[in-house]
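Encoded as structure tokens, the structure appears first; notes follow it.
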Amino acid sequence: MTAPSDIFPVIWQGDRAVLIDQTQLPARYTTVNIDSSEAMAVAIKTMIVRGAPAIGVAAAYGMALGAREIECERRDEFLSELEAVAQRLRRTRPTAVNLFWAIDRQLAIARQTAGAVADIRAALLQDAQAIQAEDLQTCQAIGQQGLTVLPQGDQPLTLLTHCNAGALATAGYGTALGVIRAAWQAGRLARVYADETRPRLQGAKLTAWECVHDGIPVTIIADNMAAHCMQQGRIDAVVVGADRIAANGDAANKIGTYGLALIARAHQVPFFVAAPLSTVDFKLASGAEIPIEERDPAEIYQVGTTRLCPDGAEFYNPAFDVTPAELIAAIITEKGAVPPEKLIAWRSGE
Ligand code: MRU
């Protein structure tokens, strides 16, 4: 059965959240203590914590910290100040829907909790811990569901992934990397190819770090090598995560995912998206409505403190793209792996 990974990017310790500082990996494993909602907002924005489900967990703790900072004891005033905390956290990153999902869940808990403000504060911390525990279980279930749709055969598989949808991007274990971990534990995986994932290199830095940590054989390739690898028959399937999935199954994920899906289709390599149901935004009819974050151009023109590009050039740095549903063989969720067009049935509980 599934063994949990021992990498936890967000934990609650005593009276504060403790984050693995993902900007420092793999060179240094360090943690950052977060004891205010503002510090949590900055940590999300600066990507000390990143990855859609991990951002959701972090935001939930940000709400619990914010509730502790509100000094008034009148319920109505408390709830209105809590809304301001929510607004601050919402402004951090626009694409990953888990951020908004977790904040809305916390606001609903606050409104529903009877009693004094102290009871609401306690309920919010308890629910943040529940969100974290649920996400860990969800990822392990996604891993098992992935085994039902990966190609079958006598030989162990070689899978390609993009960005980092691993333990670091979730409460633990991972979504796409959860499927990969489950395949490894089931003896069905030979090797992972990790796209380096320009511009921030989450694949080369974080996915590769997790694989090495777990003893999973990993080959890092530059993003522009994926087509060549598929043409050579090196890749049996692609598994990626998602930041937001629209009701029609269009999936936003790290920039470069769409190109990868097109390449996979051209080579008849199955392309899977692994994500919890909390990543599905049923309010959006299609991926065209998903807001795409644009980040600092320095992520493109600079490596460390060294500028690579000439002055005078312009830059465009979208952090995500949308893969149309028709390129996705199945969306692997904790409840099952389904073709994208079947996702909508879960909205009405069918
Ligand atoms: O900008 P990031 O590093 O937060 O982007 C992360 C991704 O795109 C992941 O693939 C996605 O969030 C899925 S994480 C389980």
Side-chain angles (χ1 to χ4, degrees), residues 5 7-10 19-23 25 43-59 92-102 132 135-136 138-143 146 160-181 194-207 209-210 223 238-245 251-261 271-281 287 290-296 299-300 317-323 328 331-334:
S5 146
I7 301 165
F8 303 108
V10 187
L19 308 181
I20 297 176
D21 186 347
Q22 301 192 34
T23 65
L25 287 172
I44 295 171
K45 178 100 189 151
T46 58
M47 295 177 66
I48 286 172
V49 59
R50 35 64 54 205
I55 292 171
V57 174
T92 53
R93 298 197 70 191
T95 304
V97 75
N98 306 63
L99 173 78
F100 307 95
W101 172 86
Q132 181 184 355
D135 188 64
L136 184 57
T138 294
C139 286
Q140 290 169 348
I142 287 171
L160 186 147
T161 191
H162 189 69
C163 193
N164 172 266
L168 288 166
T170 59
Y173 200 71
T175 54
L177 213 46
V179 173
I180 288 166
R181 280 196 164 92
D195 275 354
E196 63 176 356
T197 317
R198 280 278 291 156
R200 289 187 66 102
L201 302 174
Q202 290 94 327
K205 291 181 171 179
L206 305 178
T207 296
W209 180 78
E210 286 196 38
D223 298 327
V238 178
V239 190
V240 299
D243 287 81
R244 194 184 298 224
I245 301 174
N253 191 50
K254 179 53 54 195
I255 192 75
T257 303
Y258 173 37
L260 196 57
F271 182 92
F272 298 105
V273 172
L277 283 169
S278 57
T279 299
V280 184
D281 188 347
I290 298 175
I292 300 294
E293 177 181 11
E294 265 188 60
R295 294 188 63 86
D296 187 344
E299 291 181 349
I300 300 181
N317 186 18
F320 301 95
D321 58 26
V322 175
T323 299
I328 302 170
I331 296 183
I332 306 167
T333 77
E334 66 273 30

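Both ligands and their constituent atoms are indexed starting at 1 by order of listing. What you are looking at is a predicted structure, and each value in this text was computed from that prediction instead of being measured.
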Problem - Candidate pair Lys205 and Asn164, rule side chain to side chain contact (heavy atoms under 4.5 Å, CB included), full reasoning - result: CA-CA 9 Å; Lys205 291 181 171 179; Asn164 172 266; over 6 Å; no
Handout entry: Sidechain N-carboxylate O distance under 4.0 Å for Arg244, Asp281
Key =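 Here Arg244 pairs with Asp281 in a salt bridge, since their nearest N and O are under 4.0 Å apart.
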Completion exercise
Per side-chain contact (heavy atoms from CB on, under 4.5 Å), Pro53 is matched among Leu99, Asp135, Leu136, Thr138 by Asp135
Exercise for the section: Sort out for me which residue in Arg93, Arg200, Lys45 forms a salt bridge (Lys or Arg N to Asp or Glu O under 4.0 Å) with Glu293. Expected result: Arg93
Practice task
Decide whether an N or O pair under 3.5 Å exists between Arg50 and ligand 1.
Solution key: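 Yes, at least one N or O pair falls under 3.5 Å.
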Exercise for the section: Decide whether an N or O pair under 3.5 Å exists between Cys163 and ligand 1. Expected result: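 No, since none of the N or O atoms of Cys163 sits under 3.5 Å from an N or O of ligand 1.
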Looking at [atom], what's its closest protein heavy atom, distance included?
atom: atom 10 (O) of ligand 1; result: Asn253 OD1, 2.7 Å
atom: atom 5 (O) of ligand 1; result: Lys254 CE, 3.3 Å
atom: atom 11 (C) of ligand 1; result: Asp243 OD1, 3.1 Å

Practice task
Select the closest option to atom 13 (C) of ligand 1 among Ala274, Ala242, Ala169, Ala319, judged by heavy-atom distance.
Solution key: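 Nearest option to atom 13 (C) of ligand 1, by heavy atoms: Ala242.
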Problem - Per atom 15 (C) of ligand 1, closest listed option by heavy atom (Asn98, Val49, Thr175) - result: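 Minimum heavy-atom distance to atom 15 (C) of ligand 1 goes to Thr175.
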How does [X] reach ligand 1, if at all, at less than 4.0 Å between non-hydrogen atoms: by side chain, backbone, both, or neither?
X: Met47; value: side chain
X: Asn164; value: backbone
X: Arg93; value: side chain
X: Gln202; value: side chain

Handout entry: Ile290 CD1 to Asp243 CG distance, which is reported to the nearest 0.5 Å
Key =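 The CD1 atom of Ile290 sits 9.0 Å away from the CG atom of Asp243.
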Handout entry: Atom pair CZ/CD1 of Phe100 and Ile55 - distance to nearest 0.5 Å
Key =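 Rounded to the nearest 0.5 Å, the CZ-CD1 separation comes to 9.5 Å.
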Which atoms from ligand 1 have a heavy atom of [X] less than 4.0 Å away?
X: Thr170; value: 15 (C)
X: Ala52; value: 12 (O), 14 (S)
X: Phe320; value: 1 (O), 5 (O), 8 (O)

Practice task
Kindly write out the residues that satisfy side-chain contact (heavy atoms from CB on, under 4.5 Å) with Thr257, not counting sequence neighbours, or none if the list is empty.
Solution key: His162, Val240, Asn253, Lys254, Phe271, Asp321, Thr323
Handout entry: 4.5 Å side-chain heavy-atom contact, Gln202 and Gln22
Key =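 In short, these two side chains do not touch, never coming nearer than 4.5 Å.
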Practice task
Let me see the working for Thr23 and Asp21 under side chain to side chain donor-acceptor pair (under 3.5 Å), right down to the final yes or no.
Solution key: CA-CA 5 Å; Thr23 65; Asp21 186 347; 2.5 Å; yes
